[in-house]
Amino acid sequence: MPGQCGCGTQVGNHFHSFGCQDCGAALCATCAISLESASYCSACAADLLETRTVRSGSPFDLH
Ligand SMILES: [Zn+2]
Ligand SMILES: [Zn+2]
């Protein structure tokens with residue numbers, strides 16, 4: 001689905017393969033972050049990595 005990336009780049013059919021798997025946001029080739037053969041926006045990628053860190057790491061430590 002064509003749209004506009006968060007950085008302001010117009011995302012047309014040429015970049016149709018780039019889109020966040022999580023929130024569905026349009027992503028240009030520069031902003032798309034590849035994780036496990038899927039593309040995510042920076043926000044969802046950070047969310048995903050953070051979740052994974054918490055799950056696989058030691059118990060969450062509150063200050
Ligand atoms: Zn996203
Ligand atoms: Zn972008």
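Numbering of ligands and ligand atoms starts at 1, following listing order.
- To the nearest 0.5 Å, the span separating SG on Cys44 from CG on Leu49 amounts to 11.0 Å.
- Minimum heavy-atom separation, Cys20 to Tyr40: SG-CA, 3.8 Å.
- Of all protein atoms, those of element N, O or S that lie under 2.8 Å from the Zn ion (ligand 1) number 4.
- The closest side-chain heavy-atom distance from Cys31 to Ser42 is not below 4.5 Å.
- Put simply, CD1 on Ile33 and SG on Cys41 are 7.5 Å apart, with the number rounded to the nearest 0.5 Å.
- The main-chain N or O of Cys5 is never found under 3.5 Å from a side-chain atom of Thr9 such that the two would form a donor-acceptor pair.
- For the atom pair CG of Leu27 and CD of Gln21, the computed distance is 10.0 Å after rounding to the nearest 0.5 Å.
- Within the 4.5 Å cutoff, side-chain heavy atoms of Cys28 are placed close to those of Cys7.
- For the Zn ion (ligand 2), the nearby protein N/O/S atoms, meaning those under 2.8 Å, are Cys5 SG, Cys7 SG, Cys28 SG, Cys31 SG.
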